[in-house]
Amino acid sequence: GLTKEKLTAIVSTGYGRNRVEDRLCAVTEITCHARGILAFYPETRVLIDIGGQDSKAILLDAGGRVTDFAMNDKCAAGTGRFLEAMARALQVDIDEMGGLDKDARAGLTISSMCTVFAESEVVSLIAGGTPVNEIVHGLNRSIASRTVSLVKRVAADMNGLTVAMSGGVARNTGVVRAISEALGGAGVLVPELPDTVGA
């Protein structure tokens with residue numbers, strides 16, 4: 001419901017940030033997510049941002065400035081797009097995936113993080129009678145493993161560092177839980193609307 005007259009300024013971010021007309025400035029999404037998470041959790045030192053297209057690990061100093069980051073932007077592995085493809089293969093709603101890994105015990109690992117190969121692997125597991133909760137748990141563990149590798153690139157020593165998560169994938173409680181476990185049980189803070197943190 002906003003009109004242009006009511007806006008003080010337009011700041012753009014994301015992949016298309018330089019295409020927004022009449023913007024005051026364009027800011028990288030790394031900076032936007034870092035500043036955004038501090039509004040929710042000022043104690044954050046490591047931010048994991050997993051969106052539809054890429055995933056990032058961002059290291060912040062005590063003043064909230066970005067000191068380092070690592071990014072997976074070469075393929076969709078472990079991103080929202082990856083999860084959407086897996087939900088299709090499992091024939092489940094993407095919004096329901098977060099709770100589908102409950103009571104999984106087998107410790108299944110999805111060996112491929114390439115979306116196409118992982119989808120084939122999931123279809124084979126379904127055909128072989130593997131329960132959906134075990135497959136989802138395996139997917140979550142695979143995403144967590146890949147994400148923690150990014151985190152270790154920016155913070156080899158996680159001791160005492162508060163971790164938070166932003167991006168749409170943070171709505172998936174199963175992925176958040178798997179990342180927390182992969183980080184040694186350290187809690188991962190997630191704001192109520194994680195996909196709007198950059199805004």
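Given the structure is predicted, the values throughout are model-derived calculations rather than measurements. When reading the values below, keep in mind they use all heavy atoms of this one structure, side chains included, and skip hydrogens, waters and symmetry mates.
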Measure the spacing between [atom1] of [X] and [atom2] of [Y] and express it to the nearest 0.5 Å.
X    : Y    : atom1 : atom2 : result
L90  : E119 : CG    : CD    : 9.5 Å
T28  : F69  : OG1   : CZ    : 7.5 Å
E134 : D103 : CD    : CG    : 9.0 Å
L100 : H137 : CG    : NE2   : 13.0 Å
Y41  : L60  : OH    : CG    : 14.5 Å
E43  : T162 : CD    : OG1   : 5.5 Å

Between [X] and [Y] (side chain of the first, backbone of the second, donor and acceptor by atom type, cut-off under 3.5 Å), is there such a pair?
X    : Y    : value
T196 : A199 : no
S124 : S120 : yes
S142 : I110 : yes
S180 : A186 : yes
N133 : K102 : yes
T173 : G98  : yes

Restricting to non-hydrogen atoms, name the atom on [X] and the atom on [Y] that form the minimum distance, rounded to 0.1 Å.
X    : Y    : result
N172 : G174 : OD1-N, 3.0 Å
C32  : G198 : CB-O, 3.4 Å
A62  : R45  : CA-NH2, 3.5 Å
A34  : V66  : CB-CG2, 3.6 Å
P191 : V197 : CG-CG2, 3.6 Å
M97  : V136 : O-CG1, 3.6 Å

Just wondering, more than 12 heavy atoms not from D61 lying within 6.0 Å of its CG?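 More than 12 within 6.0 Å, yes.
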
Other residues, nucleotides and ligands only: do more than 12 of their heavy atoms fall within 6.0 Å of CZ on R81?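 Counting neighbours around CZ of R81, 12 or fewer heavy atoms of other residues, nucleotides or ligands fall under 6.0 Å, so no.
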
Heavy atoms, side chains only, cut-off 4.5 Å: are [X] and [Y] in contact?
X   : Y    : answer
E29 : Y15  : yes
R23 : N18  : yes
T79 : V169 : no
Q91 : I126 : no

I'd like to know whether T31 forms a side chain to side chain contact (heavy atoms under 4.5 Å, CB included) with R35, so could you lay out the CA-CA distance, the side-chain angles of the two residues, the decisive distance to 0.1 Å, and finally the verdict. CA-CA 6 Å; T31 299; R35 291 204 182 141; 3.9 Å; yes

For residues 146-171, pull every pair meeting salt bridge (Lys or Arg N to Asp or Glu O under 4.0 Å), keeping only residues two or more places apart or in separate chains.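 For residues 146-171: R171-D195.
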
Hey, mind stepping through L125 and L108 against side chain to side chain contact (heavy atoms under 4.5 Å, CB included) and telling me if it holds? CA-CA 10 Å; L125 288 166; L108 178 73; 3.9 Å; yes

Step by step, would you call D54 with N72 a side chain to side chain contact (heavy atoms under 4.5 Å, CB included)? CA-CA 6 Å; D54 62 32; N72 166 37; 5.8 Å; no

If the condition is side-chain contact (heavy atoms from CB on, under 4.5 Å), which residues does A155 pass it with, not counting sequence neighbours?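 With sequence neighbours excluded, A155 shows a side-chain contact (heavy atoms from CB on, under 4.5 Å) to V46, L59, M158, L161, given in chain and number order.
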
Test side-chain contact (heavy atoms from CB on, under 4.5 Å) applied to T147 - qualifying residues, sequence neighbours left out: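 Result, side-chain contact (heavy atoms from CB on, under 4.5 Å) vs T147: I48, I50, I143, I179.
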
Treat each ILVMFWY residue as a node, draw an edge where side-chain heavy atoms are under 4.5 Å apart, and state whether I58 and L150 are in one component.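 Cluster IDs for I58 and L150 differ.
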
Any link between V20 and L2 through a network of hydrophobic side chains (Ile, Leu, Val, Met, Phe, Trp, Tyr) touching at under 4.5 Å?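 Yes.
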
Only one of N140, L139, V188 clears side-chain contact (heavy atoms from CB on, under 4.5 Å) with V175; which?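 Checked N140, L139, V188 against V175; only one passes side-chain contact (heavy atoms from CB on, under 4.5 Å): N140.
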
What's the verdict on side chain to side chain contact (heavy atoms under 4.5 Å, CB included) for T44 and V163, showing C-alpha distance, side-chain angles and the deciding distance? CA-CA 6 Å; T44 301; V163 180; over 6 Å; no

With sequence neighbours excluded, what pairs up with R177 under the side-chain hydrogen bond (donor to acceptor under 3.5 Å, both in side chains) test?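 Scan of R177 (side-chain hydrogen bond (donor to acceptor under 3.5 Å, both in side chains), adjacent residues dropped) gives D101.
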
E121: which residues meet the side-chain hydrogen bond (donor to acceptor under 3.5 Å, both in side chains) condition with it, sequence neighbours left out?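 Listed in chain order: S111.
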
Which ILVMFWY residues are connected to V27, directly or by a chain of links, through side-chain heavy atoms under 4.5 Å apart?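 Grouped by the 4.5 Å side-chain rule, V11 form the rest of the cluster around V27.
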
